[in-house]
Amino acid sequence: MFRRKWLNVGRVEQAPNPGDYFVADLKILDTSLLVIRGKDGEYRAFHNMCSHRGAPVAWDAEGSCRGYLACRFHGWVYDAKGELVSVPEEEKFHACFHRGENGLTPVRTEVWAGFVFVNLDAEGKESLTDFLGGIGRHLGDFPYEKMGKCY
């Protein structure tokens with residue numbers, strides 16, 4: 001049920017600058033997500049696992065990566081858009097290996113009133129605004145950012 005719904009995983013204040021990130025461990029879904037703010041200001045979420053061997057890409061609960069994260073296992077490097085940008089000894093991989101097919105696995109992400117939401121249903125069509133419906137319209141103008149750290 002939770003894989004098809006919008007879930008709040010944090011606030012924009014947790015990753016205020018480009019390259020900042022935080023990790024959201026969703027125990028109920030048995031997954032860890034990496035939420036990162038890109039150089040373009042967009043918040044994106046990915047499964048926090050290297051596409052090579054599944055090791056975590058981000059080990060700390062939060063931090064700043066200057067736009068790149070590297071897997072500690074074999075050193076694969078990903079940018080803030082989840083694209084694979086560097087593979088050590090890439091020439092040793094099979095001829096059918098393509099960087100463009102080995103980026104981080106994205107998760108649908110939207111921001112509402114400073115709250116970062118994710119939806120693990122990659123095929124889902126419902127926007128966060130539609131999901132929140134009337135309650136979102138009613139509460140959208142509240143100054144949540146003035147409440148202090150509540151996450």
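Owing to the predicted nature of the structure, the values given are computational and were not obtained by experimental measurement.
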Among all residues two or more places apart in sequence or in another chain, which pass the side chain to side chain contact (heavy atoms under 4.5 Å, CB included) test with Pro56? Asn48, Trp59

ILVMFWY clustering at 4.5 Å (side-chain atoms), partners of Val77: Tyr68, Val85

How far does CG of Leu128 sit from CZ of Phe115, to the nearest 0.5 angstrom? 11.5 Å

Atom OG1 of Thr105 and atom CG of Asn102: how far apart are they, to the nearest 0.5 Å? 9.5 Å

Who are the salt bridge (Lys or Arg N to Asp or Glu O under 4.0 Å) partners of Asp40, not counting sequence neighbours? Arg44

What distance do Thr31 atom OG1 and Met49 atom CE have between them, rounded to the nearest 0.5 Å? 6.0 Å

Nearest 0.5 Å, what's the CG-SG distance between Leu84 and Cys50? 7.5 Å

Minimal non-hydrogen separation, Ser32 against Asp25, with atom names: OG-OD1, 2.8 Å

Measure the spacing between CZ of Phe117 and OG1 of Thr109 and express it to the nearest 0.5 Å. 12.0 Å

List the residues meeting side chain to side chain donor-acceptor pair (under 3.5 Å) with Ser127, not counting sequence neighbours, and say none if there are none. Asp130

Restricting to pairs with a member in residues 74-83, which pass salt bridge (charged side-chain N to carboxylate O under 4.0 Å, His left out), not counting sequence neighbours? none

Residue list, side chain to side chain contact (heavy atoms under 4.5 Å, CB included) with Ala55, at least two apart or on another chain: Cys71, Phe73

Looking only at heavy atoms, which two atoms of Asn119 and Asp121 are closest? And how far apart? OD1-N, 2.8 Å

For Tyr21, does the six-membered ring have the charged nitrogen or CZ of Arg37 within the cation-pi criterion, i.e. under 6.0 angstrom from the centroid and within 45° of the normal? no

Residues in side chain to side chain contact (heavy atoms under 4.5 Å, CB included) with Val9, at least two apart? Phe22, Ala24, Leu26, Val35, Val116, Val118

Restricting to non-hydrogen atoms, name the atom on Gln14 and the atom on Gly10 that form the minimum distance, rounded to 0.1 Å. OE1-CA, 2.9 Å

With sequence neighbours left out, write down each residue that passes side chain to side chain donor-acceptor pair (under 3.5 Å) with Arg108, or none if nothing qualifies. none

Do His47 and Leu120 touch side chain to side chain, with heavy atoms closer than 4.5 Å? yes

With rounding to the nearest 0.5 angstrom, report the CG to CG distance, Leu33 to Leu104. 11.5 Å

Restricting to ring pair (Phe, Tyr, Trp, His ring centres under 6.0 Å), what partner residues turn up for His52, sequence neighbours left out? His74, Trp76, Phe93

Sequence neighbours left out, what passes side chain to side chain donor-acceptor pair (under 3.5 Å) with Tyr78? Give chain and number order. Ser51

Listed by chain and number, what are the side chain to side chain donor-acceptor pair (under 3.5 Å) partners of Asn8, not counting sequence neighbours? none

Mind checking what makes side chain to side chain contact (heavy atoms under 4.5 Å, CB included) contact with Ala80, not counting sequence neighbours? Ile36

